[in-house]
Amino acid sequence: MKNKETENKIEALLKELTLDEKISMIHSAEFFRSGGAERLGIPGISMNDGPMGVRNDFEPDKWVTIGSTADMTSYLPSNSAIAATWNRELAHTSGAVLGREARGRGKDMILAPGINIKRNPLCGRNFEYMSEDPYLIAEMVVPLIEGIQENDVSACVKHFACNSQEYERLFVNVELDERTLREIYLPGFEAAVKRAHSWALMGSYNLVRGVHGSQNKWLLTDILRKEWKYDGCVVSDWGAIHDTKLAAESGLDIEMSVTPNFDEYYMANPLKEAIKKGEISEECVNEKIRNILRFMLRVRLIEIELKEQKNGKVKAKAVRVPDRDPGCVNADVCHAFVRKTAEEAVILLKNDKKILPFKPSETQKLLVIGDNANRAHAAGGGSAEIKALYEKTPLLGLANEYGGNTQVKYVKGYYVPRKKADLVNWQESSINIEELNNDTRKKSGYSAEEKKLIKKLKDEAVALAKEYDKVIIVGGLDHDLDVEGKDKENLKLPFGQDELINAVLDVNPNAVVAMVSGSPVDMSAWKDRAKAILWMSYNGMEGGAALAEVISGSIVPSGKLPESLPADFKDTPVAKYGDYPGRKLTAAEKKVMNARLTQRFNEGVFVGYRYYEKEGVKVQFPFGHGLSYVDFAYSGMKVEKTKSGFNVSVQVKNTGHVAAKETVQLYVGEKKVSKENPVKELKGFDKAEIKPGQSKTYKFKLNAKDFSHYCEESGKWEMMKGEMVIYIGASSADVRCMKTVKI
Ligand code: BGC
């Protein structure tokens with residue numbers, strides 16, 4: 001929202017700037033800082049990743065970390081973990097912690113949150129993203145961004161748009177119809193921009209309809225700037241600009257990249273020359289400067305001072321804001337918030353015979369098996385990496401939770417071959433695709449020695465599992481697989497985990513399995529045998545403690561899946577209708593930065609549960625699923641017509657013996673489902689704590705848009721007509737009540 005007085009000041013300062021100064025402000029001067037105009041007191045904008053905390057600092061022009069302890073920071077739960085809480089308040093506090101720490105580390109913009117749609121379960125960056133559902137994303141991203149921006153620092157919602165795979169991410173061209181774009185891929189961004197007023201946004205690497213996201217006029221100018229009236233700051237992804245004219249004439253403001261030749265960037269000298277030759281108008285740059293100065297005022301990086309000269313002319317300059325929020329890093333209160341989020345991000349997928357919790361009073365000996373029980377994850381994943389002040393692994397969490405009266409024994413169980421440690425950060429070669437796809441992790445062919453070790457680890461775990469009555473296996477993925485820059489090859493659990501889990505279950509059928517993973521994995525080899533299964537993403541520095549609290553019962557689990565968990569890639573809509581992964585590009589093709597690899601999002605709006613429900617495809621666990629240690633009884637659903645739509649309410653009773661939280665989900669669909677529409681879609685959810693034996697009324701409001709679809713011909717949202725069903729459920733597959741209404 002523009003303010004006239006502010007805009008006048010911006011205009012006055014803009015007039016003072018030379019072309020050289022303007023050019024320096026619209027591209028990097030360091031890897032994580034844009035240029036400024038010192039003469040007028042305008043600093044550069046200091047940025048940093050990322051989604052899971054404030055990333056470690058780098059040298060200005062080398063991908064070498066500064067190597068001090070000053071950038072040790074809080075490690076927050078990933079966005080997929082935050083989404084698993086279904087708790088808007090926790091999204092807000094997570095944002096508040098991230099913003100406070102970003103400011104505490106002197107940043108102006110935190111390159112988060114990442115909210116791309118989890119279209120493809122193989123996408124390496126799924127752990128950074130929230131969900132397959134646009135409504136859940138929109139509802140969680142708004143408080144998250146608001147929380148960040150309470151701290152005189154900006155969020156930077158990314159990657160706009162359709163960045164749903166890492167394979168050939170610089171080259172992949174997405175073709176999709178407009179209804180799909182509007183209903184699935186844009187709502188999160190639209191909410192971030194219109195409701196949360198995100199002060200910054202990052203374009204994507206991939207192309208959309210033939211043009212790279214970060215220089216795409218249709219996305220950045222027509223939709224973002226003109227239609228959504230966005231007046232914030234748009235930055236490119238690092239190395240996502242490939243054409244001076246396209247970038248200059250699109251809604252982009254700042255070009256960032258990963259090479260230190262800053263003056264040669266597309267929006268540096270080449271743009272200056274093009275302007276001088278009259279090929280590009282200087283007004284394009286002026287518009288970017290207005291957005292950048294507005295950004296600086298919003299985060300209170302500067303104030304603009306106007307001074308009348310003797311000759312009556314007004315001179316403008318930028319001055320520092322003395323009382324800007326200083327932020328703060330690693331405050332205990334922030335770690336406590338991180339813990340709360342982690343607690344609600346643990347999902348209980350299965351709990352036959354109520355085998356969990358393992359009460360401390362009944363647990364004298366606890367056997368913990370699995371590499372992930374003892375592994376810290378913060379330092380991996382790509383740009384989401386964090387130099388965590390500390391990270392409580394599940395093993396440490398369990399040892400602390402159970403204390404001295406329980407003997408906690410740990411064995412590794414499975415062998416994880418590691419990559420050779422890189423001397424420089426992966427980001428240096430992140431726009432060199434040859435290197436990116438060069439997976440150095442050993443895929444097959446273990447040495448005789450390794451084979452011996454694998455057998456030894458398994459035998460040791462199995463032998464102990466026979467003796468212990470309480471056994472937990474903690475497995476899943478790690479950031480060699482849930483990682484930026486490449487996708488997974490399949491959904492299989494790596495490192496022989498299936499064999500290990502089955503061998504342990506053979507001797508101890510009560511062993512509980514916990515999976516740490518940012519994306520679906522195939523659990524079918526043992527899913528029906530294990531009595532209890534827990535699921536968590538990368539849940540931050542307190543993640544292991546939170547898992548332990550759920551296992552012991554001091555916390556009642558309340559997370560729910562923000563995505564469906566298919567067992568096999570071939571079950572997914574991408575496999576059925578898409579082109580993924582497509583052929584390999586040749587080196588010659590890669591030299592021309594243009595789309596050669598098109599991904600048609602032919603499944604349209606049928607992403608995630610919208611597809612599985614429509615086509616009756618079985619998944620391991622459905623969207624929205626998550627159990628508690630208590631049961632909830634749903635009753636008395638009411639629907640009332642209002643002027644603008646419907647009020648819906650339902651009573652939920654906690655029939656158990658402890659207080660517990662339940663997330664009630666509301667879905668809407670046609671009674672007679674037409675071919676082009678999903679069976680039902682999420683349109684509301686609410687989470688609340690209910691005391692044992694007590695009931696709570698959950699209330700929802702539905703409006704016309706909740707019953708509408710985007711019509712490509714008219715370019716408008718149009719209401720469906722006829723009989724519609726409002727479903728209330730504990731998950732997408734666990735519908736407890738429903739009512740039909742007429743529209
Ligand atoms: C990622 C962005 C990140 C940027 C800066 C890119 O590789 O795609 O998400 O913010 O690097 O590190």
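Values below: all heavy atoms of this structure, side chains included; hydrogens, waters and symmetry mates excluded. This chain uses plain numbering: 1 for the first residue, then up along the sequence. Each ligand, and each atom within it, is numbered from 1 in the order the structure gives.
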For residues Y538 and D482, is any side-chain donor paired with an opposing acceptor at under 3.5 Å? yes
Quick check on contacts: which atoms of ligand 1 are under 4.0 angstrom from a heavy atom of L111? 10 (O)
Does any N or O of ligand 1 fall below 3.5 Å from an N or O anywhere on W426, backbone included? no
Taking distance alone, with no angle check, do H159 and ligand 1 share an N/O pair under 3.5 Å? yes
Numbering as shown, the atoms of ligand 1 that approach F32 to under 4.0 Å (heavy-atom distance): 5 (C), 12 (O)
Pair D487-Y580, side-chain donor/acceptor within less than 3.5 Å: yes
A138 to A191 - nearest heavy-atom pair and separation: CB-CB, 3.7 Å
If you scan protein heavy atoms around atom 2 (C) of ligand 1, the nearest is D237 OD1, 3.3 Å
Residues S383, E484; criterion side chain to side chain donor-acceptor pair (under 3.5 Å); working and verdict: CA-CA 7 Å; S383 58; E484 178 173 345; 2.6 Å; yes
Taking atom 10 (O) of ligand 1 as the reference point, the nearest protein heavy atom with its distance: D49 OD1, 2.6 Å
Contact check, E484 vs ligand 1, heavy-atom distance below 4.0 Å: yes
Could you tell me which atoms of ligand 1, counted from 1 in the order shown, lie closer than 4.0 angstrom to a heavy atom of K158? 2 (C), 3 (C), 9 (O), 10 (O)
Smallest heavy-atom separation, K118 atom then G518 atom, equals NZ-O, 3.7 Å
M25 and I254: which non-hydrogen atoms are nearest, and at how many Å? O-CG1, 4.1 Å
Could you list which atoms of ligand 1 come closer than 4.0 Å to a heavy atom of R55? 12 (O)
Are D478 and H377 linked by a side-chain donor-acceptor pair shorter than 3.5 Å? no
Donor-acceptor side-chain pairing of E385 and N425 below 3.5 angstrom: yes
Give a yes/no on ligand 1: does Y205 have at least one heavy atom closer than 4.0 angstrom to it? yes
Is the closest heavy atom of R125 to ligand 1 under 4.0 Å? yes
Heavy-atom distances under 4.0 Å decide this one: backbone, side chain, both or neither, for E385 against ligand 1? neither
Sub-4.0 Å heavy-atom approach of M256 to ligand 1: no
Give, for atom CZ of R294 and atom CG of D253, the distance between the pair rounded to the nearest 0.5 Å. 9.0 Å
Nearest protein heavy atom to atom 11 (O) of ligand 1, by residue and atom, and its distance? Q427 NE2, 2.8 Å
If I compare all heavy atoms of I115 with all of G188, which pair ends up nearest, and what's the gap? CD1-C, 3.4 Å
Could you tell me, atom by atom, which parts of ligand 1 come under 4.0 Å of a heavy atom of S383? 1 (C), 2 (C), 3 (C), 9 (O), 12 (O)
